[in-house]
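Excluded from the calculations below are hydrogen atoms, water molecules and symmetry mates; all remaining heavy atoms, backbone and side chain alike, are included. Residues take their numbers from the sequence shown, with the count starting at 1.
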Amino acid sequence: MLCRRAAASAARFTARSMGSKASEAPKFDPVMVEAYNKMAENHRHPDGPWIMMRDVVMQHRIPKEAVKDGFTILDLASGPAEPAKTIAAALPHAKVIATDVSEDMVKAAQAATKDTKNVSAAVADAQDLSAYADGSIDAVTCCYGYMFPTDKPQALRETFRVLRPGGLLVATTWDSVDMLKISRDVMTHVLGAAPPPPPLNPMSLSEEGLFASLVADAGFSNVRQTTSTYPFNFGRDKAFQERVGTLLLKEKLDEIGEEGWAKAKEAFWENIDKYTEVLPNGDMVMPQNTFRLTAATKKGPLDA
């Protein structure tokens with residue numbers, strides 16, 4: 001992860017980047033898309049973000065006026081429509097809008113939700129939600145996205161603005177993810193020295209209390225946080241394991257060429273055992289991926 005585009009690729013795996021204009025969003029070849037989509041399904045684990053975010057939204061106290069007008073959920077950095085689609089399935093009465101800064105991802109979201117009547121998809125940058133009026137949204141969800149905007153306070157202010165009084169924010173941020181550690185090991189071997197931190201850093205909100213403070217500063221109340229750890233399953237096919245293990249580095253390795261790829265593959269197999277275990281069925285699993293779920297409300301008539 002040595003340049004902006006490589007870092008953006010990392011953002012797409014661990015999250016969906018939302019801190020740049022849509023025209024600057026990274027492109028994805030079919031190999032990357034296939035690997036990303038297969039790995040993204042790990043987020044559906046019972047201890048993963050999609051199910052937990054869905055449950056928080058379902059437990060939210062919905063104001064009477066929201067029920068009357070139709071409950072609207074804005075999912076930021078939605079990638080191929082998650083957790084938007086998962087939430088929409090659980091709340092068929094709700095209107096869910098899946099947004100992403102990447103036009104490619106919005107097209108993927110449209111394809112993924114073509115049979116889900118209560119989901120629509122749109123291009124949106126979290127730092128500029130001007131397409132949505134003040135107080136027009138009942139809940140905003142964002143899975144692994146707030147780490148990437150250049151102006152994080154502005155992104156949260158925009159979230160606060162579009163929420164109606166009593167509205168809910170549910171977001172996840174990484175505390176620890178071993179995929180980044182294996183990527184660093186691989187690039188250290190390729191370059192002969194440790195790579196610099198990525199310009200778009202998935203760990204930028206991992207400091208204890210940082211995101212909670214930003215959320216409170218944006219005007220939210222009742223800020224609460226929980227952490228959860230879940231596994232990434234790489235499957236049992238070695239070619240796929242290798243592809244996924246170097247996914248975050250693909251663009252940079254393509255720039256370096258065949259020699260860089262050869263070193264990367266060598267380093268992957270030399271280091272991957274530090275972060276994974278093999279299940280009895282042969283699947284390679286990376287067990288230690290910890291995220292923080294943050295929920296908060298925009299003070300409204302139902303708040304004490």
Residue pairs involving residues 101-120 (criterion ring pair (Phe, Tyr, Trp, His ring centres under 6.0 Å); sequence neighbours excluded): none
For [X], all residues meeting side chain to side chain contact (heavy atoms under 4.5 Å, CB included), sequence neighbours excluded:
X      : result
Ser228 : Asp47, Met52, Phe291
Lys274 : Asp185, Asn271
Ala90  : Arg54, Met58

Working for salt bridge (Lys or Arg N to Asp or Glu O under 4.0 Å), residues Glu259 and Lys263: CA-CA 6 Å; Glu259 183 180 355; Lys263 289 183 177 180; 3.6 Å; yes
Distance flag, aromatic centroids of Tyr144 and Tyr146, threshold under 6.0 Å: no
Check: His189 ring centre within less than 6.0 Å of Phe268 ring centre: no
Result of checking Thr86, Thr172, Asp75 against Thr141 for side chain to side chain donor-acceptor pair (under 3.5 Å): Asp75
Hey, can you pull the donor-acceptor pairs under 3.5 Å for the side chains in residues 106-113, sequence neighbours left out?
unit_1 : atom_1 : unit_2 : atom_2 : d
Thr113 : OG1    : Ala109 : O      : 2.7

Cation-aromatic face contact Lys181/Tyr275, 6.0 Å, 45 degrees: no
Residues that Phe160 engages under ring-ring contact (aromatic ring centres under 6.0 Å, His included), provided they are two or more places apart: Phe220
Between CG on residue Leu74 and NZ on residue Lys95, distance to nearest 0.5 Å: 10.0 Å
